[in-house]
Amino acid sequence: MQQIEKLLDEFDDEVWGGYSDDNLDPDENENEENECSYNTGTEQSSADDSDTELENSCSDISYHESDDDLPLTLRNKYFVGKDGTKWARRPPNQRVRTSRVNIVLEKPGVIGDAKNANSILDAWNLFFTYEIVENIVACTNIFIDVNIRSKFGRERDARYTTIPEMKALFGVLYIIGALKNGHRSTKDMWSSDGCNIDILKCAMSEKRFLFLLRCIRFDDIRGREERKKLDKMTHIRKVFDDFTINCKKSYSLSEYVTLDEKLQSFRGRCSFRQYMPNKPAKYGIKIFALCDSVNYYTSNLEVYVGIQPAGPYTIDNSAASITKRMVNIVYNSGRNVTMDNWFTSIPLADDLLKKKVTIIGTIRKNKREIPPSFASSKNRPVFSSFFGFSNNKTLVSYKANKKKIVMLISTIHHDKNIANEEKLKPEIIMAYNSTKSGVDTMDYMTENYTVARTSARWPLTIFYALMNIGGINSQIIYQANTKIKISRLQFLKTLGRELMEEHVQCRMTIPAVRVEVKSSIRKYFNIQPLQESRNEPAIDIDNPVPTSSCVRVGKDLSTVSEPSCSRSSNIANQATAVHEVTPILKSNPLKRSRQLAIPNYTPKKISVDGQKKLDTALIKLFIKDLQPFSVVEDTGFKEFVNMLNPSYKIPNRHTISKTLIPAAYEKCVNEVQSMILNELDKACLTTDCWTTRDNKSYIVITIHFINNNFNIKSILLSCHSFSENHTSENLSGQISKTLNLWDLKEKIVFAVSDNAYNKQNALGQLQFKHLSCFAHTLNLIVQSALKKENDLIDKVKTFVLIFHVERFVQLETSIRGTMGLLDNAPPCLNSDEWTAIKEFCSILRPFEEATRAVSGEQYITASLVIVIAQGLKNVCEQMKNENYSIRTLGLVNNILNDMKNCQNWGNIENSKTLRRCTFLDPRFKNLPFTHNENMLNSSVPDLHIMSPGAQRNISAPINYKKKSPEMSKITDYGRIQQLFRNIIGKQ
């Protein structure tokens, strides 16, 4: 009997064919591609497949429970995948007892030492332990000592930080995040206008807050370069790993956990920054997270850093390997992991099942184990489901709407149960929907009250993410231990206050702290000031010299003491008073090692005018050289200036930024207004727009004119951000607004821009005569011709990262020799390609010279355009006769064809403005035009009209087409000049 049953099974497989992909209709395959398109590129498709498809894409269909409802070709015993995997149509025998794989052996909740955390600060300290904060403080102080202190003239401006102060910094960040002020300026938050966050100044000043954010580091910078050769993430590796370990050992996850990725927003420079268009931030650092599906506790984290250098941190970045590393903490625990289709695969499900971990996840249709009929939506009613069962795995294909197929795999379900009667959703899908959002919810919670501030340093961005996650995890543990329900906002505000408290107590003992700050500390923290000793004089932070007038100096001038008495009323009382002397530290700036001469106390004073002149020369250091304002506080700079002029008092950076530079700007504006009023009669306008790498748009407007002394002047009128769409209406409005501001709209006779239609239309709306930028036209022609040689250009670009192609050609011998020595060298150029690239350089060199010629700023370039255009055309025509390769001659022909087809190029000699400029330039007497007669017919009457007194006989006919014998011997330009003289002579 067993042999007969085996033969029958084999017969069924042969007759029904297992429904392999060979049985599918080609038209049906084409339909499937059009109807059910999945993003199989990266993990970005997970959001579409898991969130949208399962919840929002269901519309109308029925579920088939009997075999009679299925097509005849599906009434077989198995579905067969492309690789031969068999999926039984009927579920396995139902078992009454729960499978051993699904029995959770650990009780969810707080574990270990975390059970003793009964306060908010104690719960937070579980994740950011004393060792972590101490390491951050040590690394920060190393950075301050190595890179920062030398740039400050006063040590107290770059003093080392402490553990209480670092915790206070974290508390300030939590409070700012709780109030959703992450993008608010610090100047506004620390202001005194009543709209500030008053509690922040209790912890530190704005200056100190910015200084600490600038200096905070998470590793020792002194050995970073060596560590980077082994680990891309060395900047924050220790802090990140310690935080992750603390998360794992503080809480036991519930039965259902979620694995997904979050994108921490970051747009700075980072070798492993990711672009994920389906995420709100789009650009950032990808972090894999394993979260509890019930309370969203984060238990495991991993930053995606791409391919690591060979060494101890080299790991496999495949989806299966990442999944196993992330879920290894729940091995042999009976838990279920919900994941999206980037992680899910059939072999992974089998491997995790061996570790007593079940999964529910969407799966992509391109997996070879999936039967083709599961991926097809043709001839299937809406809301229908196909089930396949294989080795404790259940595969379901659900038609959510007319063109959408959703597929999931589960190792926890083993039946065809339907949970939603309205849309006939299988129980697997309902279970997936209820557990899929663990990481997404955690991400939403962290972004809602994020501590993150705009930063160009990716380690700080990762640390912001850890602070956000630590805030959520500590709240979960605090509520589990105390059974106290508290809102997330109230929890974060309380956490911030408790982190600040220790440092605030220290500030209350500092006499130099302002009275209003101490008043705020007593108000918000209920801390009373300690008894301050009168023998310790209050030293102002900005003025270290003791404030008392009674300073006693020893005979040897090496010790300075401070009396504790008050100011005496007269010399007699002062002499008879008993002074209790308190010695000042030897490091006091008043300490002298030798007696100073009288001239040292009476330096020659600098005059007010001299101080102003030196101040004016100093600010050019920042205006022209773009030096940072802090350079005036550098010790070396101060010593250098003191050697040049000891009497010159260097203004501080606040005076420079808030007084001197604004005054210089106002002076410049007044000078420009005076120049426009007195020296400008007519002007030419140039404008351009561009977008920076961080997607900020700018517009610039410049005018050019010749003053009364025939000197060329250029003035930059405006250069500022332009957030509106770059339409012609918006551009014309901005240009008009700028010109009206300077009262220039009636003085503009010409406008130059690139060939963009929006700019041309904008200038046309303002009724300005427009001329396209000739250099831009040249660039367009060359770029268009080179598009057909992209294969060769791209091949060269694999070598040329910094140098130009011409430099690449010059190094041909060295490059060829080096390529021959490399084992895995990129494909090098062959002999024909080397020849072609050399000839390309020769052909394009005239275009480079022409571009430089018409881009001059100190001379008029309009008269060069026609001559250069004709010259380039003639040069290209001559190149066609040179002994170049076929490939190079093709490039020359492409350039000539682009010249003929380019509208702006063809209209050059038809421009009256360019003809006039060329006609009046005496340098081009011997350079003929392409169409001499056309030039004569149009240029001479124009100049006749422009000449003085031309109106007296403007209607008189001019016969300038006759050729006399004498005229035939002179040049074309001489002929035009002679005719022009004849016209003027008749007036």
Side-chain angles (χ1 to χ4, degrees), residues 140 142-160 185-187 190 205-217 221 224-225 267-269 453-458 460 541-542 603 606-672 690 692-694 696 698-700 702 714-721 802 857-858:
T140 302
I142 290 173
F143 178 79
I144 292 174
D145 185 61
V146 174
N147 290 345
I148 299 299
R149 301 203 86 178
S150 60
K151 299 179 181 179
F152 285 81
R154 301 181 301 186
E155 288 188 0
R156 68 171 179 272
D157 291 337
R159 64 184 182 273
Y160 297 127
S185 69
T186 56
K187 182 178 180 181
W190 265 270
S205 65
E206 176 198 4
K207 181 179 178 181
R208 185 62 177 174
F209 174 76
L210 295 175
F211 176 82
L212 290 177
L213 282 187
R214 172 189 175 189
C215 297
I216 187 171
R217 291 298 183 275
I221 63 170
R224 178 183 293 173
E225 293 303 321
R267 288 182 174 265
R269 293 184 178 181
R453 298 186 64 79
T454 303
S455 173
R457 293 167 43 216
W458 63 262
L460 185 56
I541 291 179
D542 296 324
I606 191 172
S607 64
V608 176
D609 291 339
Q611 179 77 24
K612 289 183 178 179
K613 290 180 180 178
L614 291 176
D615 288 344
T616 303
L618 175 66
I619 62 175
K620 292 180 180 179
L621 191 68
F622 313 105
I623 297 174
K624 294 186 176 181
D625 297 338
L626 303 179
Q627 294 293 324
F629 295 145
S630 60
V631 71
V632 296
E633 297 179 353
D634 292 346
T635 303
F637 181 80
K638 289 181 177 180
E639 293 177 355
F640 176 72
V641 173
N642 186 63
M643 291 295 295
L644 294 177
N645 191 339
S647 302
Y648 176 58
K649 183 179 180 181
I650 304 176
N652 59 42
R653 58 180 178 180
H654 299 291
T655 303
I656 293 173
S657 61
K658 297 180 180 179
T659 303
L660 296 182
I661 289 184
Y665 173 77
E666 292 297 331
K667 180 181 178 182
C668 180
V669 169
N670 294 333
E671 291 177 353
V672 169
W690 72 93
T692 62
R693 292 182 178 178
D694 55 351
K696 292 183 179 180
Y698 291 88
I699 183 172
V700 62
T702 309
S714 297
I715 299 175
L716 177 65
L717 296 181
S718 173
C719 180
H720 56 78
S721 60
I802 301 176
E857 297 181 356
Q858 302 300 324

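Scope of the values below: all heavy atoms of this structure, side chains included, with no hydrogens, waters or symmetry mates.
- In this structure, the separation between CG on D615 and CD1 on I650 is 10.0 Å, given to the nearest 0.5 Å.
- In this structure, L614 and L618 have side chains that are not in contact, with every pair of non-hydrogen atoms separated by 4.5 Å or more.
- With hydrogens and angles disregarded, no donor-acceptor distance shorter than 3.5 Å links the side chain of R214 to the backbone of F211.
- Partners of E671 under the salt bridge (Lys or Arg N to Asp or Glu O under 4.0 Å) rule, at least two apart in sequence or in another chain, do not exist in this structure.
- In terms of the side chain to side chain donor-acceptor pair (under 3.5 Å) criterion, N147 has no residue partners (sequence neighbours excluded).
- Residues forming a side chain to side chain donor-acceptor pair (under 3.5 Å) with S721 (at least two apart in sequence, or on another chain): none.
- Note that CD1 of I619 and CD1 of I656 are 8.5 Å apart. Values are rounded to the nearest 0.5 Å.
- For E206, there are no salt bridge (Lys or Arg N to Asp or Glu O under 4.0 Å) partners two or more places apart in sequence or in a different chain.
- With sequence neighbours left out, the side chain to side chain contact (heavy atoms under 4.5 Å, CB included) criterion links C719 to W690, V700, L716.
- For F143, there are no ring-ring contact (aromatic ring centres under 6.0 Å, His included) partners, not counting sequence neighbours.
- Counting only residues at least two apart or in different chains, ring pair (Phe, Tyr, Trp, His ring centres under 6.0 Å) contacts with residues 628-656 comprise F622-F629.
- Within the model, atoms CZ of R208 and CG of L213 stand 11.0 Å from one another, a figure rounded to the nearest 0.5 Å.
- Here CG of D145 is found 9.0 Å from CD1 of I221. Values are rounded to the nearest 0.5 Å.
- Rounded to the nearest 0.5 Å, atoms CD1 (I715) and OG1 (T702) are 10.0 Å apart.
- Taking 4.5 Å as the limit, some side-chain heavy atom of R457 sits within range of a side-chain heavy atom of I216.
- Residue C215 holds its SG atom at 13.0 Å from CD1 of I142, rounded to the nearest 0.5 Å.
- Counting only residues at least two apart or in different chains, salt bridge (Lys or Arg N to Asp or Glu O under 4.0 Å) contacts with residues 617-629 are absent.
- Of the possible polar contacts, none joining the N645 side chain to the V641 backbone as a donor-acceptor pair under 3.5 Å is found.
- Under the salt bridge (Lys or Arg N to Asp or Glu O under 4.0 Å) criterion, K207 pairs with D157, not counting sequence neighbours.
- Residue pairs meeting the salt bridge (Lys or Arg N to Asp or Glu O under 4.0 Å) criterion with at least one member in residues 632-661, sequence neighbours excluded, are E633-R653.
- When atom types are taken as modelled, the side chain of T692 and the backbone of K696 share a donor-acceptor pair closer than 3.5 angstrom.
- Residues forming a salt bridge (Lys or Arg N to Asp or Glu O under 4.0 Å) with E155 (at least two apart in sequence, or on another chain): R149.
- For W458, the ring-ring contact (aromatic ring centres under 6.0 Å, His included) partners at least two apart in sequence or on another chain are H235, F272.
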